Each structure stands twice: as C-alpha cells, then as structure tokens.
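Here is the structure we will look at.
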Amino acid sequence: MLTPASSATKPDPQDLLAWYDHHRRDLPWRARPGVTADPYRVWLSEIMLQQTTVAAVKPYYLKFLERFPTVEALAEAPSEAVMQAWAGLGYYSRARNLHACAKAVVDKHGGRIPGTEAELLKLPGIGAYTAAAVAAIAFNEKAAAVDGNVERVMSRIFMVEEPLPKAKPLIRALTEALVPADRPGDFAQAVMDLGATICTPKRPACALCPWMVPCRARAEGLQETFPRKQKKESGQLRKGAAFVVLRADDTILLRTRPPQGLLGGMAEPPTSAWEPDYEPSRAVLDAPMEARWQRLPGTVKHVFTHFPLELTVLFAKVAKGTPAPEDMRWTPRMTLHEEALPGAMKKVLVHALGELPGAKAKTSGQKQAKSV
DNA sequence: TAGTCGTGGTA
DNA sequence: TTACCAAGACT
C-alpha cells in the first residue's frame with residue numbers, strides 16, 4: 001500500500017501548459033500563441049530581463065527595438081549609442097556584452113543567432129539560463145531554462161530542503177526531467193509566468209495553481225518558506241564627494257568611467273574616491289579644478305547591490321572658455337538627458353541643478369531625488 | 001566559490 | 001525604514 005507521501009502525484013507538464021494557454025501574459029517580446037518567436041527579440045529581452053522586472057524592461061525593450069531593429073543594426077551602432085539607450089536599466093556590463101554579442105553574431109555566425117544551447121553559451125553575456133531560454137523559446141530545443149522563478153517553483157513543488165545556491169544542480173535536474181519535448185519554449189515561459197503571477201515569493205496564490213495538488217510544500221503549508229537560501233550581509237556605507245561645475249556657456253563638466261567595474265563606461269560628474277571613512281570637509285582637496293566651490297547642503301544617497309553610497313555635492317560656476325581637465329568634457333546642460341547617466345549620477349545633477357532639462361518627467365510626483 | 005555588478009517596487 | 005526581491009553573468 002502506498003503511503004500518503006509516496007502516493008503524492010507528480011507534477012504534470014501538460015497541466016501547466018494548459019494553464020499557460022489560458023493565462024499567459026501578453027508581453028512585447030512574445031510571439032502569438034503557436035508561433036515561434038524571433039531569436040533577436042527573444043535574446044534582447046532575455047538579456048534585459050536578467051535580474052530586472054518586466055515593468056522596468058518594457059519601455060527599454062521597445063526603445064531598443066526601434067533604434068536597433070536587427071542584430072546587424074545593433075552590431076554596427078557605436079557603443080555610446082548602446083550605453084545611452086541602456087542608461088537607467090542597471091547592470092551595465094549587460095549592455096557591453098550585448099553589443100559584443102551582436103558583433104560576434106554578425107562576424108562569426110553570418111548575422112544569425114545560433115540555435116543551440118551549446119553554441120549560445122559561447123557568446124558574451126549569455127550564461128546557462130539565457131542559453132537555455134533562447135534555445136527553447138526561439139528554437140524549440142528541449143532545454144531547461146532555470147531562473148529565479150523556476151528555482152522557487154521547483155523548490156516548492158519538490159520541497160527542496162537544501163539552500164540556494166547549493167541546490168542549483170538538483171533543481172536543474174528536477175526541471176530537466178519535466179521539460180516536454182513538444183513545447184519546451186512554452187514550458188519555460190509557463191513556469192516563469194507561474195512564478196511571476198501565482199507562485200510568488202510572498203503569499204503565493206496556491207488556490208489558483210495548476211500544480212497545487214502535486215506541490216509538496218503546499219501540502220505541508222510551508223510554501224512561503226521555500227526556497228531555502230542563505231542570506232548575505234549588506235555592504236558597508238561608502239562616502240565621497242561629487243563635483244558639479246556649471247560653465248558660463250551653460251555646460252556641465254562630465255567624464256566617462258573606465259569600461260570595467262562599477263558603472264563601467266557610464267558618464268558622471270567627477271567624484272572623489274568612495275571610502276567608508278571619507279571626510280566630506282576634505283572634499284575641496286579632491287576637486288577636479290580650481291574654483292569657488294560651494295558645498296551644497298544635504299547629501300545624495302544611493303544603494304547599490306553590495307553597498308550603500310552617500311555623496312556630498314560641491315558646486316561651482318566657472319568662466320566661459322574654462323578648459324576641461326584631462327579626460328573630461330563640457331556637455332550642454334540642455335542635452336544632459338542624452339548622456340549615459342546612471343541613476344546615482346542623475347541624483348547628483350538634480351541635487352545641484354534641479355530637474356534635468358529634456359528629461360521625460362517621471363510619472364508625476366513618483367520620484368524625487370533622495371536629497372536629504 | 002563567493003564577490004561584483006543597478007535599479008525600482010513592495011511589504 | 002529596512003529588507004527583500006526581479007527572466008543572471010562574470011571572475
């Protein structure tokens with residue numbers, strides 16, 4: 001006789017696909033039901049969606065598709081245009097790798113995005129998840145795309161007690177065993193839709209879940225406690241100074257950060273080093289040029305993934321014709337919105353100059369630079 | 001293997 | 001406010 005535990009039904013991929021056919025999200029990068037999506041669009045969307053919400057990606061995806069309609073167009077574009085189009089989305093190495101990948105596709109694959117998981121994995125910016133997702137969604141290869149959604153769903157269905165990230169190999173194996181040969185792409189998207197709309201991190205809507213019956217965690221009432229994961233501590237506060245220079249011809253002093261590392265390749269007003277024990281009163285010593293520096297009241301705060309940052313802002317006006325220091329440039333205040341400025345640096349400029357001209361007003365009153 | 005890499009939304 | 005989270009990749 002079967003015990004209750006061993007008689008638990010196994011999750012049936014067809015049940016999930018049937019749910020997906022009725023409840024799939026309509027997203028800009030998705031083809032119509034039954035139609036295989038365009039590889040370029042799938043790839044582009046998958047890169048943008050890495051660690052990024054659908055809502056944040058949508059406008060960027062549409063803008064990219066308009067500016068770079070094909071992989072050839074993207075490959076031929078100057079890197080500044082790509083970085084500028086990406087500005088604000090975060091994780092800027094994705095943009096650099098995206099561009100490098102487009103060039104590789106044109107140079108080594110005749111402009112065709114490769115159709116197998118193994119070939120995709122060789123391209124810059126494409127890791128295990130993205131390779132499987134593109135292969136499955138755009139080429140119908142039987143590949144298991146395991147992202148955060150899938151990890152959450154599987155860890156609950158099978159009640160995986162091992163914490164992430166150590167449980168990754170096990171979860172991948174469990175997922176591979178479920179991928180149906182006939183609709184691997186739909187299966188991948190179905191699990192992600194399930195994770196995004198039903199099997200959410202908090203308060204999952206189990207009553208609506210096509211896999212409620214076979215879900216082990218649900219049977220125990222422990223669904224919200226999965227996936228297990230080891231928590232990491234947040235980084236130490238770093239402090240520094242940022243220097244906003246307004247020249248009499250209404251231009252602002254900017255520089256471009258080095259291509260590698262934090263905010264690589266992005267634009268910024270010059271700043272001091274960022275250190276835990278930075279002393280704001282010494283900021284004038286770190287200034288990029290001689291000027292009558294004015295220390296603005298308050299600070300600009302910003303939180304990166306691994307550390308919080310607090311910048312003191314110094315402001316100065318200089319005469320027309322003042323030359324830019326080496327490796328810096330003057331940018332018209334009216335075209336600041338065309339620069340590849342990350343969020344932290346926009347906050348600095350807003351703190352010193354007020355709302356940036358030309359910047360599309362964010363949804364009314366939704367966001368104000370956090371200037372204390 | 002564990003740290004590095006943004007940003008915006010949510011409770 | 002703090003903490004966590006979101007279709008990860010790279011070193």
Side-chain angles (χ1 to χ4, degrees), chain A residues 25 27-30 37 42-61 83 86-98 100-101 120-134 136-138 144-153 164-166 168-169 172 175 185 187-197 199-203 224 227 229-237 257 259-266 268 301-309 340-347 362-363 366-370 372:
Chain A
R25 290 176 291 173
L27 301 171
W29 44 87
R30 280 188 176 168
V42 173
W43 164 65
L44 177 60
S45 68
E46 290 298 343
I47 301 298
M48 288 187 164
L49 286 162
Q50 289 166 7
Q51 298 291 285
T52 309
T53 58
V54 165
V57 165
K58 274 183 182 174
Y60 282 87
Y61 171 82
M83 300 309 293
W86 197 279
L89 244 199
Y91 286 130
Y92 299 100
S93 65
R94 291 185 298 173
R96 295 193 296 274
N97 285 329
L98 182 86
C101 185
L120 287 161
L121 206 44
K122 298 176 184 172
L123 293 167
I126 297 183
Y129 161 76
T130 304
V134 174
I137 297 170
V146 182
D147 72 330
N149 285 307
V150 180
E151 287 174 348
R152 184 170 59 256
V153 170
L164 289 170
K166 290 188 66 177
K168 280 175 179 287
R172 182 175 180 81
T175 306
F187 177 80
Q189 297 177 92
V191 184
M192 290 188 279
D193 276 18
L194 189 72
T197 64
C199 196
T200 50
K202 294 171 185 173
R203 302 200 44 121
E224 275 193 82
K229 51 177 73 174
Q230 54 183 54
K231 61 182 174 193
K232 44 195 165 193
E233 51 205 270
S234 70
Q236 188 180 11
L237 172 68
R257 295 177 62 90
Q260 305 298 329
L262 182 70
L263 303 176
M266 303 299 285
E268 65 174 6
K301 298 178 190 300
H302 190 80
V303 181
F304 293 101
T305 305
H306 49 300
F307 68 91
L309 173 67
L341 288 165
M345 299 307 164
K346 280 186 180 172
K347 289 182 190 174
K362 297 248 182 188
T363 346
Q366 157 199 0
K367 146 160 198 172
Q368 195 164 10
K370 190 168 278 184
V372 181

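Just so we're on the same page: letters track the sequence lines, and every chain starts at 1. This one's a predicted model, so the numbers in the text were calculated from it and none came from an experiment.
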Open item on the list: Of the options C:dC5, B:dC5, B:dT7, whose atoms approach the side-chain atoms of A:Leu262 most closely?
Closed with: B:dC5
Task: First encountered from the 5' end of DNA chain B, between A:Pro165 and A:Pro342 - done: A:Pro165
Task: Check: A:Arg94 side chain, A:Gly125 main-chain N or O, donor-acceptor pair, under 3.5 Å - done: no
Open item on the list: Counting the atoms with a prime plus P, OP1 and OP2 as sugar-phosphate, which does A:Ile137 contact under 4.0 Å by heavy atoms, base, sugar-phosphate, or nothing?
Closed with: nothing
Task: Residue-phosphate contact under 4.0 Å: A:Thr52 side-chain N/O, C:dG8 OP1/OP2 - done: no
TODO: Test for a donor-acceptor pair under 3.5 Å between the base of B:dG6 and the side chain of A:Thr305, counting only N and O atoms.
DONE: yes
Task: Touch class at under 4.0 angstrom, heavy-atom based, for A:Gly264 against every strand present - done: nothing
Task: Atom-to-atom span, CG of A:Leu49 to P of C:dG8 - whole angstrom - done: 8 Å
Task: 5′-ward residue of the pair A:Gly125/A:Leu27 relative to DNA chain C - done: A:Leu27
Open item on the list: Quick one: does any side-chain atom of A:Glu224 pair with a main-chain N or O of A:Lys202 as donor and acceptor, under 3.5 Å?
Closed with: no
Task: Nearest-angstrom distance from the residue atom CD of A:Gln50 to C1' of B:dG6 - done: 13 Å
Task: Atom pair distance, as rounded to whole Å: CG in A:Asn97 and P in B:dC5 - done: 14 Å
- [ ] Please state the P separation for the pair B:dG6 and C:dT1 - nearest whole angstrom.
- [x] 24 Å
- [ ] Take atom NZ of A:Lys229 and atom P of C:dC4, then tell me their distance rounded to the nearest Å.
- [x] 10 Å
Open item on the list: The side chain of A:Thr130 is closest to which nucleotide in this list: C:dA6, B:dC5, C:dG8?
Closed with: C:dG8
- [ ] Remember a base hit wins even if backbone is also touched, and classify A:Ala344 as base, sugar-phosphate or nothing at under 4.0 Å, heavy atoms.
- [x] sugar-phosphate
Open item on the list: Taking any heavy-atom pair under 4.0 Å as a contact, classify A:Ala145: base, sugar-phosphate, or nothing.
Closed with: nothing
- [ ] Give a yes or no answer on whether the side chain of A:Arg257 reaches the backbone of A:Leu262 with a donor-acceptor pair at less than 3.5 Å.
- [x] yes
Task: Donor on one side chain, acceptor on other, A:Gln50 and A:Tyr129, under 3.5 Å - done: no
Open item on the list: Would you measure the distance from the P atom in B:dG3 across to the matching atom in C:dC4 and give it in whole Å?
Closed with: 16 Å
TODO: May I ask you to evaluate whether A:His306 reaches the phosphate of B:dG3, defined as a side-chain N or O under 4.0 Å from OP1 or OP2?
DONE: no
- [ ] Would you please confirm or rule out a distance under 4.0 Å between OP1 or OP2 of C:dC5 and any side-chain N or O of A:Arg152?
- [x] no
Task: Listed nucleotide nearest any side-chain atom of A:Tyr129, set B:dT7, C:dC10, C:dG8 - done: C:dG8
- [ ] Let me know, please, whether A:His302 or A:Lys202 comes out on the 5' side of the other along DNA chain B by nearest nucleotide.
- [x] A:His302
- [ ] Ignoring the backbone of A:Arg94, work out which of B:dG6, B:dT7, C:dC5 is nearest its side chain.
- [x] B:dG6
- [ ] Quick one: label A:Val150 by what it contacts on the DNA or RNA (base, sugar-phosphate, nothing), any heavy atom closer than 4.0 Å.
- [x] nothing
Task: Protein-nucleotide distance (A:Gln260, atom CD; B:dT4, atom C1'), rounded to Å - done: 12 Å
Task: A:Lys58 NZ to B:dG9 P, straight-line distance once rounded to whole Å - done: 14 Å
TODO: Could you tell me whether A:His306 and A:Phe304 have their ring centroids closer than 6.0 angstrom?
DONE: no
TODO: Classify the nucleic acid contact of A:Gly88 as base, sugar-phosphate or nothing, counting any heavy atom under 4.0 Å across all strands shown.
DONE: sugar-phosphate
- [ ] Looking at every strand, decide which applies to A:Val54 at a 4.0 Å heavy-atom threshold: base, sugar-phosphate, or nothing.
- [x] base
Open item on the list: Restricting to salt bridge (Lys or Arg N to Asp or Glu O under 4.0 Å), what partner residues turn up for A:Arg172, sequence neighbours left out?
Closed with: A:Glu117, A:Glu176
TODO: Look at A:Gln51 and C:dG8 and indicate whether a side-chain polar atom (N or O) is within less than 4.0 Å of OP1 or OP2.
DONE: yes
Task: B:dT7 OP1/OP2 closer than 4.0 Å to side-chain N/O of A:Tyr92 - done: yes
Task: Expected output: side-chain A:Arg96 to main-chain A:Gly264 donor-acceptor under 3.5 Å - done: yes
Open item on the list: If I pick the C1' atom on C:dC10 and the same atom on B:dT1, what distance separates them, to the nearest angstrom?
Closed with: 13 Å
TODO: Determine the contact category for A:Leu89: base if any of its heavy atoms lies under 4.0 Å from a base atom, sugar-phosphate if only primed atoms, P, OP1 or OP2 are that close, otherwise nothing.
DONE: base
Open item on the list: What's the separation between atom CD in A:Glu46 and atom CD1 in A:Ile137, rounded to the nearest 0.5 Å?
Closed with: 4.5 Å
Open item on the list: So A:Arg25, base contact, sugar-phosphate only, or nothing? Heavy-atom distance under 4.0 Å.
Closed with: base
- [ ] Round to the nearest Å and state the distance from A:Leu121 atom CG to C:dC10 atom P.
- [x] 8 Å
Open item on the list: Over all strands shown, is A:Trp86 touching base, sugar-phosphate only, or nothing at heavy-atom distances under 4.0 angstrom?
Closed with: nothing
Task: Whole-Å gap separating C1' (C:dA9) and CG (A:Leu123) - done: 13 Å
